[in-house]
Amino acid sequence: MSAGKTTMGTLDTQDFLLRNITDDDGDPGFGDFRRGQDLCDLGAKWGIEGFVRMEMGFEIIFCEFSDGLVLESARERPSGKNQSYEALPQLEVLRGASMRYPGITGQRLTLDYSGMVSAYWYDLNLTNPDPKRLDLPRLPASDLEGLGNMKADFKALFEESSARSHVGNDWQGITDMIITRYSDRLQLMAENNTSREIILSELAVLLNLFIDYGSFDIPMAIEKCTVHYLTGAVLETSADRMIYGALSTVASKICSTLFYVGQLLLEDETESGLTKSKSALKSVIDYLDWTTWKECGKCGYDEICFVAIWPWGSMEDHKHPNCMKDEMLSRRQGYWDMRGGGRRPPTENETRSGADEL
């Protein structure tokens, strides 16, 4: 949500990391035009042509219009009595945004995950100074040395990425495969009414591939389970190694828990064994906290799966996304802290001429 004008940390990487600002800079309007200028000044030094940011959908800050753009077409917009064709209901504005929840597809944007940087890789205090929002990490603006190290690494990785003839590992795809394999099955096994037999059946589907029944070496099976989706990755950069380590840790947690549950159910056929097994499964679900468990499922054709997305949404929408119709959307406010500026959610009439934003 790096284009969201809030005081909640959405602008931290731009302001504190890239722009070297040590506070809110006293700008009540959040200074997005000046922010864009500063980013492009940095881009001119580093060889960056522009920046992609997420808000309600995605936007591009393209720094030099005289270089790199080719006019493909220009179409006159409707006017007068034909202006009604420009109408864009609020629901369709948010439907367009919701279609990008999984990311930008169709090869319109390719991310080089092997060249990424994460604040979690550094010895930074990411605790939010707002005690009410400890769930949202914040970059420490005052830690000039720590942020300086992170910025230097980002520059080095960007230069490496630019020099490579190929995009690095598809870490997002690897992550998605892990989640797809385990997400629904973990929830099924942890449900209160799921029987011991169903859990054992699901465990057989998930784990038999990794078991050599000739030796039955459980630690070896857990290791094979852990690296199953990681074997194709090529560790070329420091980012590759950090991401590999993170995914390996998560996969190991899942695999170890599943083998533990299987052994427990086979050794203890009582209700107590089933209760302990489900407790272990619920514990790993809490640890993972995957967004797949917040998805709405299939909504009606006149609805969208609505989550708090700047500048719309309430705290309830953030915690529990739900299917909503058009008439409910304009009332969904309150999640985003925009005390320093930003804009309120547009009304129905204000979204009528917004077709060009999608």
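Computed from a predicted model, the values in this text were never measured in an experiment.
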* **Atom NZ of Lys276: over 12 foreign heavy atoms under 6.0 Å** => no
* What is the distance from atom CD1 of Ile304 to atom CZ of Arg95, rounded to the nearest 0.5 Å? -> 7.5 Å
* Asked: How long is the gap from OG1 on Thr10 to CH2 on Trp336, to the nearest 0.5 Å?
  -> 7.0 Å
* Asked: Is the side chain of Ser114 donor-acceptor paired with the backbone N or O of Asn169 at a distance under 3.5 Å, no angle test?
  -> yes
* Asked: With side chains defined as the heavy atoms from C-beta onward, is the minimum distance between Ile60 and Phe51 less than 4.5 Å?
  -> no
* Do Ser314 side-chain atoms and Gln333 backbone N/O form a donor-acceptor pair below 3.5 Å? -> no
* Does one hydrophobic cluster hold both Leu111 and Trp46, with members joined at side-chain heavy-atom distances below 4.5 Å? -> yes
* Side-chain contact, heavy-atom cut-off 4.5 Å: Leu42 with Arg19? -> no
* Over 12 foreign heavy atoms within 6.0 Å of CG, Asp123 -> no
* Any side-chain donor-acceptor pair under 3.5 Å between Asp217 and Ser215? -> no
* Show your reasoning for whether side chain to side chain contact (heavy atoms under 4.5 Å, CB included) applies to Asn322 and His320. => CA-CA 6 Å; Asn322 211 338; His320 305 289; over 6 Å; no
* Asked: Just wondering, more than 12 heavy atoms not from Leu126 lying within 6.0 Å of its CG?
  -> yes
* Are Val205 and Leu200 connected in a single hydrophobic cluster, I mean Ile/Leu/Val/Met/Phe/Trp/Tyr linked by side-chain heavy atoms less than 4.5 Å apart? -> no
* Sub-4.5 Å side-chain heavy-atom contact between Phe58 and Arg108 -> no
* To do: Could you grab the distance from atom CG of Asn208 to atom CG of Leu203, nearest 0.5 Å is fine?
  => 9.5 Å
* Asked: Given side chains that start at C-beta, do those of Tyr335 and Asp317 come closer than 4.5 Å, heavy atoms only?
  -> no
* Ignoring hydrogens and geometry, is there a side-chain-to-backbone donor-acceptor pair from Arg331 to Glu327 under 3.5 Å? -> yes
* Measure SG to SG for Cys40 and Cys63 and state whether it is below 2.5 Å. => yes
* Is a side-chain N or O of Asn128 found less than 3.5 angstrom from the main chain of Leu136, in a donor-acceptor match? -> yes
* Asked: Is the backbone of Leu157 close enough, under 3.5 Å, to the side chain of Glu160 for a donor and an acceptor to pair up by distance?
  -> no
* Asked: Looking only at heavy atoms, what is the nearest atom pair of Met8 and Arg138, with distance?
  -> O-CD, 3.3 Å
* To the nearest 0.5 Å, what is the distance between CD1 (Ile199) and CG (Leu264)? -> 10.0 Å
* At what distance, to the nearest 0.5 angstrom, does CD1 of Ile254 lie from OH of Tyr287? -> 8.0 Å
* To do: Using a cut-off of 6.0 Å, state whether more than 12 heavy atoms not belonging to Glu191 lie near its atom CD.
  => yes
* To do: State, to 0.1 Å, how close Leu147 and Leu17 come at their nearest heavy-atom pair, and which atoms those are.
  => O-CD1, 3.4 Å
* Asked: Is Asp112 salt-bridged to Arg164, going by a charged N under 4.0 Å from an acidic O?
  -> yes
* **Under 3.5 Å: donor-acceptor pair, side chain of Glu55, backbone of Gly57** => no
* Asked: What's the verdict on side chain to side chain contact (heavy atoms under 4.5 Å, CB included) for Glu269 and Leu274, showing C-alpha distance, side-chain angles and the deciding distance?
  -> CA-CA 7 Å; Glu269 299 183 16; Leu274 182 60; over 6 Å; no
* To do: For Trp121 and Met116, work out which heavy atoms get closest and say how close.
  => CZ3-O, 3.3 Å
* Asked: Do the charged groups of Asp32 and Arg35 touch, with an N to O distance under 4.0 Å?
  -> yes
* To do: May I ask you to check whether Ser283 and Asp286 show a side-chain donor-acceptor distance below 3.5 Å?
  => no
* Asked: To the nearest 0.5 Å, how far apart are OH in Tyr244 and CG in Leu230?
  -> 5.0 Å
* Are any non-hydrogen side-chain atoms of Ser118 and Met242 less than 4.5 angstrom apart? -> no
* Asked: Can you tell me if OH on Tyr301 sees more than 12 non-hydrogen neighbours from other groups inside 6.0 Å?
  -> no
* To do: Report yes if the side chains of Leu144 and Thr22 come closer than 4.5 Å at any heavy-atom pair, otherwise no.
  => yes
* **Set of ring pair (Phe, Tyr, Trp, His ring centres under 6.0 Å) partners for Phe62, sequence neighbours left out** => Phe65
* Would you say Ser252's side chain and Ser248's backbone share a donor-acceptor pair under 3.5 angstrom? -> no
* **Stepwise salt bridge (Lys or Arg N to Asp or Glu O under 4.0 Å) check, Asp153 with Lys155** => CA-CA 5 Å; Asp153 288 347; Lys155 181 175 185 292; over 6 Å; no
* Does Lys278 use its side chain to pair, donor to acceptor, with the backbone of Asn192 at less than 3.5 Å? -> yes
* Would you say the side-chain atoms of Ser279 pair up with the backbone N or O of Thr275, donor to acceptor, closer than 3.5 Å? -> no
* Going by atom types alone, do Thr6 and Asp337 pair a side-chain donor with an acceptor below 3.5 Å? -> no
* Test: Glu236 and Arg241 ion pair at under 4.0 Å -> no
* I would like to know whether Met324 and Glu303 meet side chain to side chain contact (heavy atoms under 4.5 Å, CB included); could you show each step before the answer? => CA-CA 5 Å; Met324 290 193 186; Glu303 298 176 321; 5.9 Å; no
* Donor-acceptor pair, Lys151 side chain versus Asn20 backbone, under 3.5 Å? -> no
* To do: Quick one: closest heavy-atom pair of Ala280 and Tyr260, and the distance?
  => CB-CE2, 3.8 Å
* Asked: Can you check side chain to side chain contact (heavy atoms under 4.5 Å, CB included) on Leu209 and His228, steps first, answer last?
  -> CA-CA 10 Å; Leu209 172 65; His228 181 63; 3.6 Å; yes
* Shortest non-hydrogen contact from Arg196 toward Leu266 -> NH2-CA, 4.1 Å
Below 3.5 Å, can you tabulate the donor-acceptor pairs from side chains in residues 172-190 to any protein atom, sequence neighbours excluded?
residue, atom, partner, partner atom, Å
Gln172, NE2, Asp176, OD1, 2.9
Thr175, OG1, Trp171, O, 2.8
Thr180, OG1, Asp176, O, 2.7
Arg181, NH2, Leu206, O, 2.8
Ser183, OG, Thr292, OG1, 2.8
Ser183, OG, Trp293, NE1, 3.0
Arg185, NH1, Arg181, O, 3.0

* Asked: In terms of heavy-atom contacts, does NZ of Lys319 have more than 12 from other residues, nucleotides or ligands at under 6.0 Å?
  -> no
* Minimum heavy-atom distance Lys5-Arg53, with the two atoms named -> NZ-NH2, 4.2 Å
* Asked: Do the side chains of Met56 and Leu94 get nearer than 4.5 Å, heavy atoms only?
  -> yes
* May I ask you to check whether the SG atoms of Cys299 and Cys323 are separated by less than 2.5 Å? => yes
* Asked: Taking only residues two or more places apart in sequence, or in another chain, which ones meet Asp143 in a salt bridge (Lys or Arg N to Asp or Glu O under 4.0 Å)?
  -> none
* Got Asn149 and Glu145 here, is their nearest side-chain heavy-atom distance under 4.5 Å? -> yes
